[in-house]
Amino acid sequence: MELHGVKVDVAQLSRLSSVFAQKMAEDEDAAFEAAGTRFNPGSPKQIGDILFGDMGLPGGKKTKSGAWSTDAAVLEELAAAGHALPRALLTWRQFAKLKSTYSDALKEAINPVTGRVHTSFSLAATSTGRLSSSEPNLQNIPIRTEEGRKIREAFVAEPGHVIVAADYSQIELRLLAHIAGVEALKDAFRAGQDIHAMTASEMFGVPIEGMDPMVRRNAKAINFGIIYGISAFGLANNLGISRDEARTYIDSYFKKFPGIADYMEAMKREARDRAYVETLFGRRIHLPGIRDKNPAMRQFAERQAINAPIQGAAADIIRRAMARMDAAMAQAGLSARMLLQVHDELVFEVPESEAPDLIALAGEVMSQAAAPAVALSVPLEVDARAGATWGQAH
DNA sequence: TCGGCAAGCCAC
DNA sequence: AAACGTGGCTTGCCGA
């Protein structure tokens with residue numbers, strides 16, 4: 001499925017490539033200086049030999065194939081202990097990633113005829129019903145770091161137009177609250193509360209007012225973990241805490257929200273009985289691994305059984321919204337064009353004067369997209385904004 | 001030179 | 001001993 005393509009600012013991408021190249025050169029110098037030797041900063045093998053062989057630093061993890069792990073978590077730990085080399089490697093990697101995967105590649109992807117970047121959306125590539133995007137993938141454009149967000153600023157509207165981005169707020173947690181029937185979570189969503197702060201308040205018995213940001217952050221990690229079929233190991237890894245501590249958190253969460261534990265057990269049972277699970281809309285996700293003789297395979301399938309109905313229902317809902325958007329825009333007399341889908345977000349290009357109407361319309365269509373097939377017991381909220389660039393529309 | 005795997009990392 | 005879900009892209013590396 002190919003939509004209209006999206007315009008990118010070539011000059012902006014070129015400027016970014018230059019900036020990133022400069023930063024990489026600086027980091028490379030710093031890395032060679034700290035290592036006392038020249039090496040390829042793009043080679044994890046060479047990095048492992050230098051850090052854990054030559055320099056004799058305490059190496060933690062090994063990769064699947066037995067080599068020293070040099071991933072960001074490992075390098076962060078060494079950098080925090082005051083070592084210069086891992087810090088230089090982390091920043092080198094950040095800029096190398098941004099340059100090769102984004103600023104350079106997006107420039108190359110501009111179609112000479114349309115002057116725009118045309119991704120390819122696959123409608124049947126994922127097990128859960130999500131779309132996928134390739135050549136180039138426009139569903140993983142950076143947003144989490146300041147430098148990365150500059151890539152998003154290169155996605156622009158035609159003159160006289162703006163970009164509108166409309167995204168579902170916490171759609172997966174809302175669907176979990178509905179599916180698992182967790183009244184406390186549903187009430188919080190109906191009241192428009194900060195769901196992570198509410199979770200923290202319930203779990204740790206602290207007031208929401210004046211809450212320590214770290215406490216809220218922990219609760220947020222737990223909420224995400226729940227959606228993924230949490231394990232004490234995974235949560236401990238994510239939060240940098242001990243497994244015992246993680247286990248305590250999880251137990252406390254299940255005690256406060258017993259409906260979640262019931263939901264998880266029900267999905268595991270359903271998967272074992274039928275070798276598939278279903279979304280609210282009847283999409284089936286087959287899980288042959290649930291009957292594998294290898295316990296690790298079975299446990300993986302159990303986490304999929306927990307996650308797939310949630311992720312899949314969200315995918316079903318945004319598909320329903322997309323299917324309705326063109327007719328809705330035509331009926332409203334809007335000449336807006338739907339450009340991209342990023343799992344819980346739709347991106348449009350629209351004449352500037354139409355932006356307020358499109359924001360209202362997308363919000364209405366998206367928030368009502370489960371109906372009439374499914375009557376949700378929680379509201380679906382949509383944040384929609386206009387901006388000159390995709391970055392500014394966020 | 002090409003294809004495939006491993007490692008790593010970007011997004012939701 | 002394992003190792004939270006769904007994807008795609010790039011580089012390094014190795015063998016055909």
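Quick caveat, the model's predicted, so the values are computed rather than measured.
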Verdict with supporting geometry, A:Lys268 and A:Glu265, salt bridge (Lys or Arg N to Asp or Glu O under 4.0 Å): CA-CA 5 Å; A:Lys268 288 193 271 186; A:Glu265 288 308 312; 3.1 Å; yes
Salt bridge (Lys or Arg N to Asp or Glu O under 4.0 Å) evaluation trace for A:Arg190 with A:Asp187: CA-CA 5 Å; A:Arg190 290 183 190 125; A:Asp187 287 343; 3.0 Å; yes
Evaluation steps, salt bridge (Lys or Arg N to Asp or Glu O under 4.0 Å), between A:Arg116 and A:Glu349: CA-CA 13 Å; A:Arg116 295 167 76 97; A:Glu349 186 174 20; 2.5 Å; yes
Trace of the salt bridge (Lys or Arg N to Asp or Glu O under 4.0 Å) decision for A:Lys186 with A:Glu183: CA-CA 5 Å; A:Lys186 289 201 267 184; A:Glu183 289 305 322; 3.2 Å; yes
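Checked against C:dC9, C:dT10, B:dC10, the side chain of A:Ser100 finds its nearest nucleotide in C:dT10. Counting only heavy atoms from C-beta on, A:Asp71 has its side chain closest to B:dC9 among B:dC9, B:dA7, C:dC9. Residue A:Gln311 places its side chain closer to C:dT6 than to any other of C:dA2, C:dT6, C:dT11. Checked against C:dG8, C:dC4, C:dT10, the side chain of A:Thr101 finds its nearest nucleotide in C:dT10. Each of C:dG7, C:dC9, B:dA11 was ranked by its minimum atom distance to the side chain of A:Pro142; first place goes to B:dA11. Taking every side-chain heavy atom of A:Ser65 into account, B:dA6 is the closest of B:dA6, C:dT6, B:dA11. Listed candidates were B:dA7, C:dA3, C:dG8. Nearest to the side chain of A:Phe233 is C:dA3. The side chain of A:Gln304 approaches C:dG5 more closely than any other nucleotide in the set C:dC9, B:dG8, C:dG5.
Nucleic acid contact for A:Ile230: base, since at least one base atom lies under 4.0 Å from a heavy atom of the residue. Counting any heavy atom pair closer than 4.0 Å across all strands shown, A:Ala315 reaches no nucleic acid atom. A:Ala96 comes within 4.0 angstrom of no nucleic acid atom, judged by non-hydrogen atoms across all strands. Nucleic acid contact class of A:Ile143 (heavy atoms, under 4.0 Å, all strands): sugar-phosphate only. Backbone-only contact: A:Gly42 has heavy atoms under 4.0 Å from sugar-phosphate atoms and none from a base.
A straight line from CD of A:Gln94 to C1' of C:dC9 spans 17 Å, rounded to a whole angstrom. Remark: C1' of C:dA1 and CZ of A:Phe300 are 18 Å apart, rounded to the nearest angstrom. One can place NZ of A:Lys62 at 13 Å from P of C:dA1, the figure rounded to the nearest angstrom. Whole-Å rounding puts the A:Glu345 CD to B:dA11 P distance at 13 Å. Regarding A:Arg247, its CZ atom lies at a distance of 19 Å from the P atom of C:dA2, rounded to whole Å. Going from atom CG of A:Asp344 over to atom P of C:dG7 covers 17 Å, rounded to whole Å. Atom CG of A:Asn137 and atom P of B:dC12 are 11 Å apart (whole Å). Atom NZ in A:Lys99 sits about 18 Å away from atom P in B:dC9, given to the nearest Å.
Counting atom types as modelled, A:Arg243 pairs a side-chain N or O with a base atom of C:dA2 as donor and acceptor under 3.5 Å. Judged by atom type and distance alone, A:Arg130 reaches the base of B:dC12 through a side-chain donor-acceptor pair under 3.5 Å. For B:dC9, its base sits under 3.5 Å from the side chain of A:Lys97 at one donor and acceptor pair at least.
Side-chain nitrogen and oxygen atoms of A:Ser127 include at least one within less than 4.0 Å of the OP1 or OP2 phosphate oxygen of C:dG7. When the side-chain nitrogen and oxygen atoms of A:Arg144 are compared with OP1 and OP2 of B:dC12, one or more of them lie within a distance under 4.0 Å. The side chain of A:Ser132 places an N or O atom within less than 4.0 Å of a non-bridging phosphate oxygen (OP1 or OP2) of C:dG8.
A:Thr91 and A:Asp27 form a side-chain donor-acceptor contact under 3.5 Å, judged by distance and modelled atom types alone.
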Please list, pair by pair, any protein nitrogen or oxygen found under 3.5 Å from a nitrogen or oxygen in nucleotides 13-16 of chain C.
from: C:dC13; atom 1: OP1; to: A:Ser43; atom 2: OG; distance (Å): 2.7

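Taking the six-membered ring for Trp, A:Tyr249 and A:Tyr253 have ring centres at least 6.0 Å apart.
Classified by interplanar angle (parallel below 30°, tilted 30° to 60°, perpendicular above 60°), the ring pair A:Phe52/A:Trp68 is tilted.
Comparing the C1' positions of B:dG8 and C:dA1 gives an interatomic distance of 24 Å, to the nearest angstrom.
Counted within 6.0 Å of CD on A:Glu77, heavy atoms from surrounding residues, nucleotides or ligands total 12 or fewer; the atom is thus considered open.
Of all non-hydrogen atoms in A:Gly312 and A:Thr279, the two that sit nearest each other are C-CG2, 3.6 Å.
In terms of position on DNA chain C, the residue among A:Glu135 and A:Ser231 whose nearest nucleotide sits closer to the 5' end is A:Ser231.
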